[in-house]
Each structure stands twice: as C-alpha cells, then as structure tokens.
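Each chain gets a letter, A, B and so on, in the order the sequences are listed, and its residues count up from 1. The figures here come from the full heavy-atom set of this structure, side chains too, leaving out hydrogens, waters and symmetry mates.
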Amino acid sequence: MLPLAVSCGETAGIGPEIIARSYSADGTPRFAIGNPTHFEGFGVSVVPIDTPAEARAAMTKGLPVLVHDIPGPATPGTPQAAQAPGVVSAIARAVELTQSGAASAVVTAPIHKKALQDGAGFAYPGHTEYLAALGGNVDVVMMLASDALRVVPATIHIALSEVPTALTADLLEQVIRTTAKGLTSDFGITAPRIAIAGLNPHAGEGGAMGHEELDWITPLIERLRADGLDLTGPSSADTMFHARARQGYDAAVCMYHDQALIPIKTLDFDRGVNVTLGLPFIRTSPDHGTAFDIAGKGIANPTSMAAAIDMAAQMVARRAAAKVA
Amino acid sequence: MRPKLAIVPGDPSGIGPELIAKLLSEDGVCQAADIILVGDAHLWQRGAEQAGVEVTLNTIEEGAIGGFEGLVHLDLATVDPDQVQVAAVTVAGGTTSLRCLDKALDLAQAGLVDGVLFAPFNKAAMTSAGLNAEDEHRYMARYLGFTGYHSEINVLDDLMTTRVTSHIGLKDVAANIDAPGIQRAIELAHATLARSGKARPHVAVAALNPHAGDNGKFGSEEIDIIEPVVKACQDRQMHVTGPWPSDTVFLKAKRGEVDAVVTMYHDQGQIAIKLMGFERGVTVAGGLPIPVATPAHGTAFDIAGQGIANVSATRQAFDLLVRMATTAKTEAAL
C-alpha cells in the first residue's frame with residue numbers, strides 16, 4: 001500500500017504530537033507533512049524525508065516527516081502568523097500527492113480557523129470546504145464514524161435557529177446520495193441502508209410537533225426509495241441510536257450538528273473519526289480540535305488520530321478491492 | 001422513614017401488570033415501602049399469571065387504608081375482564097388506566113400515600129378514553145388542581161435531565177429559549193435532585209447551538225441568554241455550570257461529574273439518555289406536589305402477554321420513588 005499523507009495541522013495545537021504518538025514501526029505506512037522539529041519531544045524518532053517514496057523504508061526507523069516549509073519552532077498554544085501559510089499548503093500538498101499517486105489518502109490533523117484566517121487569509125469555513133475546493137468543487141458530506149455508528153449531519157456549523165431554513169429538500173437529497181455513494185465506494189457496502197432522522201421531536205408525530213416531515217422529508221424519502229435507495233425514516237431521533245436500533249442501518253443522516261454528534265460522541269468519544277465523502281480522494285481526520293490548552297504538554301490523547309489513520313487505511317483497501325472487482 | 005406508595009397497573013393491554021408483578025417479587029421491594037396496589041383484582045392476577053409469579057392480594061376496604069402496612073390491595077371495578085385485550089389500543093384500556101390513576105392520586109392528596117408509581121400507559125387509548133390533555137403529566141396536574149410549573153424529568157441511573165422546551169417543532173425552539181424558562185428547568189432539576197437525596201447537586205446546562213455557539217459565531221443565545229442565567233444561579237451559591245456543548249456534556253454525566261443536565265430541546269437530552277440506557281430510563285413527573293415516577297418505556301405491545309418484559313426500568317423507577325417519597329415524608333413530618 002502507498003503511504004498515507006498526514007498534514008501536520010495547526011503547529012501550536014496538538015497535531016504534531018498526536019501524529020508522532022500514533023506512530024508505530026509496524027503500523028500503516030504514512031508520512032507527516034510539516035517541519036520535522038515540530039514532531040520531536042514526544043518519545044518518537046523523527047525521520048525527515050524529501051519524497052513520499054522514502055516513507056516506507058523510513059517507517060522502520062521512526063516517523064517519516066516530509067520536509068515542508070513552516071519556519072521557526074512550534075509554540076504550543078500560540079499560533080505564529082508566519083507558520084499559517086505552511087499549515088495551509090501542507091494540506092494542499094497532501095491532496096496533490098494523493099491525486100498524483102504518490103500517497104494513498106489524506107489524513108489531516110486539526111487546524112485553527114482563526115489562526116489561519118489571521119496568518120494566511122484562509123477564507124474557508126473549515127477543512128472540509130477547502131478540500132472540496134481542492135477536489136474540484138465537488139459535493140461533499142461530513143461523516144463521523146466509529147466502530148459503533150456512522151452519522152452524517154445534513155447541516156453543520158450554523159445556529160440551531162437557522163437549521164429549519166438551511167435544511168432544504170435539495171440539500172438533503174444531495175447529502176443522502178453522497179452518503180450512499182460513499183458507503184459503497186469507501187466502506188465496501190454494496191447496498192447501503194441509510195436511516196433518516198426526523199427534524200422534530202418524535203419525527204413531528206403526525207404534524208403535532210412540526211410539519212417538515214409531512215411537507216417534504218417523507219415525500220423526498222419516498223422518491224429516493226423509488227429510485228432504488230434503501231432508506232428508512234424519518235425516524236424519531238431519540239430512538240434511533242440505541243444498540244438494537246443501530247443494527248438496522250449502515251449510516252444515519254441527521255438534520256443538524258448535535259443530532260448527529262450527541263450520539264456518536266456519547267457512544268465512542270475517543271475513537272470518532274471525521275470522514276469526508278464525495279471527494280475524488282480519501283480523507284479522514286480526528287474529530288477533535290487543536291486543544292491549545294494542553295498542546296506541548298505530552299498529554300494529548302492520540303486515539304482519534306490513530307483511528308483516523310486506521311480508517312483511512314481500511315478505506316484505501318476497499319477502494320482498491322472495488323477497482324479489482 | 002418507610003414511605004407508603006400507591007402502584008397502578010398501567011394499560012392492561014401492554015406489559016404494565018406483568019412488570020408490577022415482577023417488581024413485587026424482586027428482592028428488597030416489599031421491604032423498602034408499604035405498598036397499596038390500586039386497581040381491579042383481575043388486572044393484578046393477570047399480571048401475576050403473565051409474569052409467572054405469585055402475587056397475594058391482601059384486599060382492604062377504602063375506609064381502612066389509613067396507616068396500612070405491608071403489601072395491600074384496594075379493589076376497583078374499572079374494566080370488565082372480557083374487555084381486556086392484549087396488544088390493542090382500546091377505550092377500555094384507556095379508561096382503566098385513568099380511573100386507577102385517579103384513585104391513586106386521591107390517596108396521595110388525602111395524605112394516605114407518599115408517592116405514586118404507574119406502569120406504562122398508552123396515550124392513544126387514554127386519549128380515546130378522555131385524557132383531554134397533552135400527556136399524563138398535564139392530566140395529573142389538572143386532576144390535582146396544581147397550576148404551578150411542572151415538566152417531565154428523564155432519569156437514567158444517577159442522571160436527571162430537564163428541558164427548557166419539549167414537544168414543539170424545532171423551528172420554534174430558539175424563540176422559546178428565555179431566561180425564565182431556563183431558570184425554571186434548572187430549579188426543577190435542583191429541587192427534584194434534592195428530593196431524591198442529593199444535598200448539593202451539580203446541574204450542567206447544555207448550550208443551544210453547536211460548539212455552544214463558538215463565541216457567538218453560530219448563534220448568540222449562549223452569550224445573550226444562557227450564560228447570564230447560569231451566572232445568576234452561581235451567585236446564589238448553586239452548583240450550576242454551563243452552557244456546555246451538548247455533544248460532550250453527556251460524557252461528563254457518564255463520568256459521574258454531573259447530577260443533572262438541563263437541555264434546551266427534546267431530542268438533545270432524549271437522544272443521549274435513550275442511547276445510554278434504553279432499558280433503564282425512568283420518567284419523573286417533575287414539579288408536582290407529590291412524587292410520581294414511571295418507567296420511561298412504553299406499553300411494548302410487541303411483547304405484551306409473553307412474560308418476557310424487562311423489569312429493570314420499573315425497578316429503577318420504584319427505587320427512585322422510594323427515595324423521593326422518603327424525603328417528602330420526612331419534610332412533611334418536620
């Protein structure tokens with residue numbers, strides 16, 4: 001397998017640390033992209049490399065770090081404006097190397113939007129939107145995945161009061177279709193079963209607590225079903241996520257951020273992975289932030305980064321198997 | 001002080017009578033309280049048969065209830081045995097549900113019992129029988145002539161959740177988040193926890209918006225409304241914290257760091273509670289003058305009459321009710 005390309009993320013955050021600490025000599029081949037000195041001090045040998053082709057051999061000695069221009073030392077907790085352009089271009093380089101066939105997938109460490117806005121004029125609301133632009137302005141969805149559950153929020157970082165207007169039939173259709181395709185191409189599920197949450201409590205209870213289900217969510221689900229998609233819902237969100245209910249679907253499409261994030265984080269906080277579906281390449285990331293408060297202390301939990309790397313490797317294997325078949 | 005509790009069988013088409021029969025045969029139940037079973041003898045016999053356990057009905061006259069001890073039974077005639085059907089929404093099932101509940105509330109209001117436990121009701125059956133209220137909580141408040149603030153509280157093990165908004169459309173939630181509403185939900189959690197024996201409970205308040213609004217970037221309700229209420233509670237020496245992002249606040253609960261989470265809307269709390277313990281959840285009629293508890297699950301028509309219903313939520317409801325009723329009784333005695 002080609003190595004995974006792991007962008008370093010915000011240098012003042014826990015990115016370099018969790019990348020270093022999720023390294024093991026016999027792990028999935030990967031290389032970080034960043035300033036090699038930023039990865040030092042976490043009890044892992046760092047091996048600077050100049051091309052991705054060196055990564056596999058370097059893995060036996062330590063964490064391979066593809067040298068990238070990010071000037072100066074890491075300053076935990078305090079972002080450096082001079083480093084912001086390098087943090088952004090490390091993401092673009094990971095994508096480029098993956099698309100050119102030098103790496104197998106993109107794994108990203110957390111970025112800090114404000115630091116990148118201030119230091120590099122970064123105009124995207126987040127990683128996902130930037131990657132969608134790099135991938136050719138494709139329709140993407142954010143999936144949170146763990147061993148126990150996969151969820152896709154149809155609306156994400158907006159106020160709860162804006163959800164009912166932001167959520168449209170066109171948006172939901174795109175989210176459902178992109179999710180179904182991604183489950184097939186990247187998770188190897190040939191006929192994915194998708195559960196759709198209601199927007200309102202008790203999924204509206206026949207119009208008693210909100211009308212969106214009756215007005216357009218149910219008709220949309222019926223139309224997509226007639227088109228061959230295996231969908232259930234709209235279901236009462238509070239009874240969709242217990243163990244028995246989760247057996248009935250491969251992913252749940254939720255209407256807003258916390259409807260999706262409450263169940264996955266409450267179930268499996270450490271091993272949640274952020275997956276972007278719809279891109280021409282595979283991308284995963286840990287589902288936490290830069291954690292400035294604990295950066296540089298050597299106490300960050302690398303579990304989610306390790307899970308993101310594992311999941312990227314599994315997705316690469318499935319895409320490869322699908323191509324052969 | 002050993003409390004006296006009234007227990008009603010719930011809708012006989014469901015698993016209610018079976019659950020109560022199982023509850024009564026659990027270790028420690030009849031030792032923890034004096035219990036009066038309120039309802040037709042055939043309903044309790046039916047439950048015992050379904051559960052495969054013995055329930056001895058020590059029937060007493062209504063006039064002799066004062067100072068009862070042990071396990072006794074108040075016989076009613078609310079439904080003909082022939083009218084009881086398994087796994088069916090019936091007017092008869094709704095009628096017996098309501099009349100048994102009414103009698104238990106009468107006993108509580110007369111000071112003859114310290115709390116009421118009911119097995120699951122079927123809302124459609126009760127509605128057809130004249131519930132004439134949004135749910136059984138509103139029905140009970142009206143029956144008791146109680147006009148103060150009350151709201152259902154969802155309980156899982158040692159965690160309670162109260163809500164600022166409940167059964168309304170999501171588009172109406174933000175407009176209904178206001179300081180008095182948050183204050184009431186905090187105080188309800190606080191008072192109910194105190195009643196259940198927590199001297200200085202930690203009440204965590206959930207945010208409305210993702211990432212608690214991220215400093216106003218996705219919604220300003222946290223800054224404008226929620227934070228000032230939390231601050232005011234802290235100024236009154238209450239252990240209240242928040243607003244916390246709702247996708248991680250339940251992890252604090254899982255770790256035992258908080259006793260209650262005040263949620264802004266229905267699914268925020270219900271998703272987490274049902275996910276963490278679908279089998280064990282309890283609902284408390286928060287704010288009512290008498291302690292009332294019930295298992296959070298429904299009548300489970302799919303398994304009714306088979307003897308396989310899981311008693312754990314009913315047991316949790318009973319144990320919590322014993323604590324609440326004991327406190328209420330102790331306070332009344334002071």
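- For chain A, no part of E279(B) is nearby; none of its heavy atoms comes within less than 4.5 Å.
- Only the side chain of T248(B) comes within contact range of chain A, with heavy atoms under 4.5 Å apart.
- With values rounded to the nearest 0.5 angstrom, L199(A) atom CG is found 9.0 Å from D267(B) atom CG.
- Within a 6.0 Å radius of CZ in R255(B), other residues, nucleotides and ligands contribute more than 12 heavy atoms.
- Residues H242(A) and K274(B) approach most closely at CB-O, 3.6 Å, considering heavy atoms.
- Atom CE of M264(B) and atom CG of L160(A) lie 11.0 Å apart (nearest 0.5 Å).
- Closest non-hydrogen pair, N200(A) versus K171(B), comes out as OD1-N, 4.4 Å.
- Interface remark: I156(A) contributes backbone atoms only to the contact with chain B (heavy atom separation under 4.5 Å).
- Relative orientation of the F218(B) and H157(A) rings is parallel, given thresholds of 30° and 60° on the angle between their planes.
- Looking at heavy atoms from C-beta onward, S236(A) lies out of side-chain contact with Q270(B) at the 4.5 angstrom threshold.
- In terms of heavy-atom pairs under 4.5 angstrom with chain B, the leader among A237(A), G210(A), P153(A) is A237(A).
- Once rounded to the nearest 0.5 Å, the distance linking NE2 of H211(B) with CG of L261(A) reads 6.0 Å.
- Heavy-atom minimum distance, D258(A) versus N209(B): OD2-O, 3.9 Å.
- Taking CE of M240(A) as the start and CD1 of I271(B) as the end, the distance is 8.5 Å to the nearest 0.5 Å.
- Within 6.0 Å of the NE2 atom in H211(A), the count of heavy atoms belonging to other residues, nucleotides or ligands does not exceed 12.
- Only the side chain of K254(B) comes within contact range of chain A, with at least one heavy atom under 4.5 Å from a heavy atom of that chain.
- Rounded to the nearest 0.5 angstrom, L170(B) CG and S161(A) OG are separated by 9.5 Å.
- Contact annotation for L251(B): only side-chain heavy atoms (C-beta onward) come within less than 4.5 Å of a heavy atom of chain A.
- Along residues 115-123 of chain A, no residue comes nearer than 4.5 angstrom to chain B, judged on non-hydrogen atoms.
- Across A174(B), S246(B), A175(B), the residue that shares the most heavy-atom pairs under 4.5 angstrom with chain A is S246(B).
- Contacts between I158(A) and chain B at a heavy-atom distance below 4.5 Å involve the backbone alone (N, CA, C, O).
- Only the side chain of M276(B) has a heavy atom closer than 4.5 Å to any heavy atom of chain A.
- For a residue to count as touching a neighbouring chain, one of its non-hydrogen atoms must lie under 4.5 Å from one of that chain's; by this rule E162(A) does not touch chain B.
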Apply side chain to side chain contact (heavy atoms under 4.5 Å, CB included) to the pair H167(B) and E205(A), showing each step before the final yes or no. CA-CA 10 Å; H167(B) 290 131; E205(A) 200 169 296; over 6 Å; no
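- Between chain B and the residues T239(A), T165(A), L267(A), the most heavy-atom pairs under 4.5 angstrom are made by L267(A).
- With a 4.5 angstrom heavy-atom cutoff, P164(A) touches chain B only via side-chain atoms.
- In the displayed structure, D158(B) atom CG is contacted under 6.0 Å by at most 12 heavy atoms of other residues, nucleotides or ligands.
- Using a 4.5 Å cut-off between heavy atoms, S166(B) touches chain A through its backbone atoms (N, CA, C, O) alone.
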